[in-house]
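First comes the structure, then the notes that go with it.
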Amino acid sequence: MMRFIQVTLTIAFLASPAAAQQSDDWQAREQAHYVACMAQVAQRPRAAFDDATAWEGLGGGHPARHCALAALMELGQYNEAAQGLEKLADEAHGDAAFKAKLLVQAARAWIAAEQPGQARAVADAALILSPDAPDVLQVRARALALLGAYWEAADDLSRVLYSDPKNVEALVLRGAAYRQLDASELALDDLNRALTLDPTNAEGLLERGNTHRLLGNKAAARADWRILIASAPDSEAARLAATNLHTLDSGVE
């Protein structure tokens with residue numbers, strides 16, 4: 001499941017003018033409730049949603065709604081989560097960078113909803129608010145790749161890597177974009193760098209295996225996919241790797 005929750009957003013939510021009028025004790029209680037609600041999202045999303053909904057009815061405001069939207073994401077209600085996060089970004093008080101983070105979360109939800117055009121539009125808006133922010137560029141690159149705009153995706157990722165050459169996610173994404181552009185050697189270079197930094201990165205292993213297969217190195221492709229299946233057996237990447245292995249071993253290319 002794609003994670004997009006950031007508990008560090010608590011302070012920005014509770015720093016709104018309305019909240020500032022409340023006592024420090026009230027703010028501390030609300031922040032503790034928010035942290036507790038978000039903590040249960042991954043393991044008990046239905047319980048988190050019910051808690052957040054009840055809390056919002058009691059005046060929990062934006063923190064309660066954010067927790068509810070996070071739970072909806074975990075429950076697979078991607079369209080509703082994306083729309084809600086966009087609206088929350090429009091309503092929430094805070095600086096431009098904070099609003100951009102909410103829009104990044106909305107873009108990720110649109111990607112999960114298989115709506116890359118919506119994701120790209122939201123990421124474009126976030127980039128206006130927070131130019132050159134790595135998380136914005138990376139989510140836009142994912143959307144661009146899903147739209148088939150691989151060179152544009154690679155350009156966004158190069159901007160990220162210029163300032164952060166050890167960004168594993170950006171290296172993997174750019175490697176995947178290069179593979180789609182038939183630039184397999186460039187792809188392999190990025191993927192090798194990413195997996196040196198994070199040897200069990202699931203997406204990186206899947207992509208490097210794919211690239212090895214394109215380059216005719218079936219043994220290396222098998223090795224990467226087998227490592228992936230062993231290290232992250234329940235992941236979507238492992239499922240795709242298993243399918244690739246079956247195809248390769250059956251001789252059907």
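Numbers here are sequence positions counted from 1. The figures that follow rest on heavy atoms only: side chains count, while hydrogens, waters and symmetry mates do not.
Remark: of the listed residues Leu173, Leu157, Leu147, Leu173 is the sole one forming a side chain to side chain contact (heavy atoms under 4.5 Å, CB included) with Arg142.
Here the CG atom belonging to Leu191 is positioned 8.5 Å from the CG atom belonging to Leu171, to the nearest 0.5 angstrom. Rounded to the nearest 0.5 angstrom, Asp50 CG and Gln40 CD are separated by 9.0 Å. Between the OG1 atom of Thr196 and the NZ atom of Lys166 there is a distance of 11.0 Å, given to the nearest 0.5 Å. Annotation: the span from Arg46 atom CZ to Leu75 atom CG amounts to 5.0 Å, rounded to 0.5 Å. Summarising the geometry, atom CG belonging to Asn79 is positioned 10.0 Å from atom CD belonging to Glu114; distances are rounded to the nearest 0.5 Å. Note that CG of Leu215 is 12.0 Å distant from CZ of Arg208, once rounded to the nearest 0.5 Å.
Between the side chains of Gln105 and His66, at least one donor N or O sits under 3.5 Å from an acceptor N or O. Side chain to side chain, Ser184 and Arg179 fail the donor-acceptor criterion of an N or O pair below 3.5 Å.
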| field | Candidate pair His62 and Glu91, rule side chain to side chain contact (heavy atoms under 4.5 Å, CB included), full reasoning | value | CA-CA 9 Å; His62 292 151; Glu91 294 177 356; 3.7 Å; yes
### Task
Let me see the working for Gln83 and Glu80 under side chain to side chain contact (heavy atoms under 4.5 Å, CB included), right down to the final yes or no.
CA-CA 5 Å; Gln83 292 169 18; Glu80 187 173 352; 5.7 Å; no
| task | I would like to know whether Val160 and Glu169 meet side chain to side chain contact (heavy atoms under 4.5 Å, CB included); could you show each step before the answer? | result | CA-CA 10 Å; Val160 175; Glu169 181 184 356; over 6 Å; no
Report task. With side chain to side chain contact (heavy atoms under 4.5 Å, CB included) as the test, would you mind laying out the steps for Leu206 and Asn244 before giving the verdict? Result -> CA-CA 9 Å; Leu206 176 65; Asn244 290 348; 3.8 Å; yes
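Cluster membership check: Val172 shares its hydrophobic cluster with Leu197, using side-chain heavy-atom separations under 4.5 Å among Ile, Leu, Val, Met, Phe, Trp and Tyr. Under a hydrophobic clustering in which Ile, Leu, Val, Met, Phe, Trp and Tyr are joined whenever their side-chain heavy atoms come within less than 4.5 Å, directly or via other members, Phe98 and Leu85 fall into the same cluster. When the side chains of ILVMFWY residues are joined at heavy-atom separations under 4.5 Å, either directly or via intervening members, Val136 and Ile111 end up in a single hydrophobic cluster. Under the 4.5 Å side-chain contact rule for hydrophobic residues, Leu146 and Val122 do not share a cluster. Connection of Leu88 to Leu129 is not established within any shared hydrophobic cluster, with ILVMFWY side chains joined at heavy-atom distances below 4.5 Å, either directly or through further cluster members.
Using a 4.0 Å cut-off between a side-chain N of Lys or Arg and a carboxylate O of Asp or Glu, Arg193 and Asp190 qualify as a salt bridge.
Between the side chain of Ser130 and the backbone N or O of Leu127 there is no donor-acceptor pair closer than 3.5 Å. Remark: the backbone N or O of Leu188 is paired with a side-chain donor or acceptor of Asn192 at under 3.5 angstrom. Remark: side-chain polar atoms of Ser250 are paired, donor with acceptor, to backbone N or O of Thr247 under 3.5 angstrom.
Listed here is the closest heavy atom pair of Ala64 and Ala52: O-CB, 3.3 Å. For the residue pair Ala68 and Phe49, the shortest heavy atom distance occurs at O-CD1, 3.6 Å. Ala170 and Gln138 get closest at one heavy-atom pair: CB-OE1, 4.0 Å. Contact detail for Pro233 and Ser231: the closest heavy-atom pair is CD-C, 3.6 Å. For Val139 against Ala123, the heavy-atom pair with the smallest separation is CG1-CB, 4.0 Å.
Applying the salt bridge (charged side-chain N to carboxylate O under 4.0 Å, His left out) definition to pairs two or more places apart or across chains, those involving residues 144-155 are Arg120-Glu152. Sorted by first then second residue, the disulfide bond (SG atoms under 2.5 Å apart) pairs that include residues 60-133, not counting sequence neighbours, are Cys37-Cys67.
Contact check for Asp90 versus Lys87: no side-chain heavy atoms found under the 4.5 Å cut-off. Taking the side chain as every heavy atom from C-beta outward, Arg213 and Trp225 approach each other to under 4.5 Å. Between Glu207 and Asp224 there is no side-chain heavy-atom pair separated by less than 4.5 Å. Tyr34 is not listed as a side-chain neighbour of Glu30, based on a closest heavy-atom distance of 4.5 Å or more. Taking the side chain as every heavy atom from C-beta outward, Arg65 and Trp55 never approach each other to under 4.5 Å.
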Which atom pairs, one a donor and one an acceptor, fall under 3.5 Å between side chains of residues 236-243 and the rest of the protein, sequence neighbours left out?
from   : atom 1 : to     : atom 2 : distance (Å)
Glu236 : OE1    : Arg239 : NE     : 3.1
Glu236 : OE2    : Arg239 : NE     : 3.2
Glu236 : OE2    : Arg239 : NH2    : 2.6
Thr243 : OG1    : Arg239 : O      : 3.2

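Using the six-membered ring where Trp is involved, Tyr178 and Trp151 have ring planes that are perpendicular, over 60° apart on the 30 and 60° scheme.
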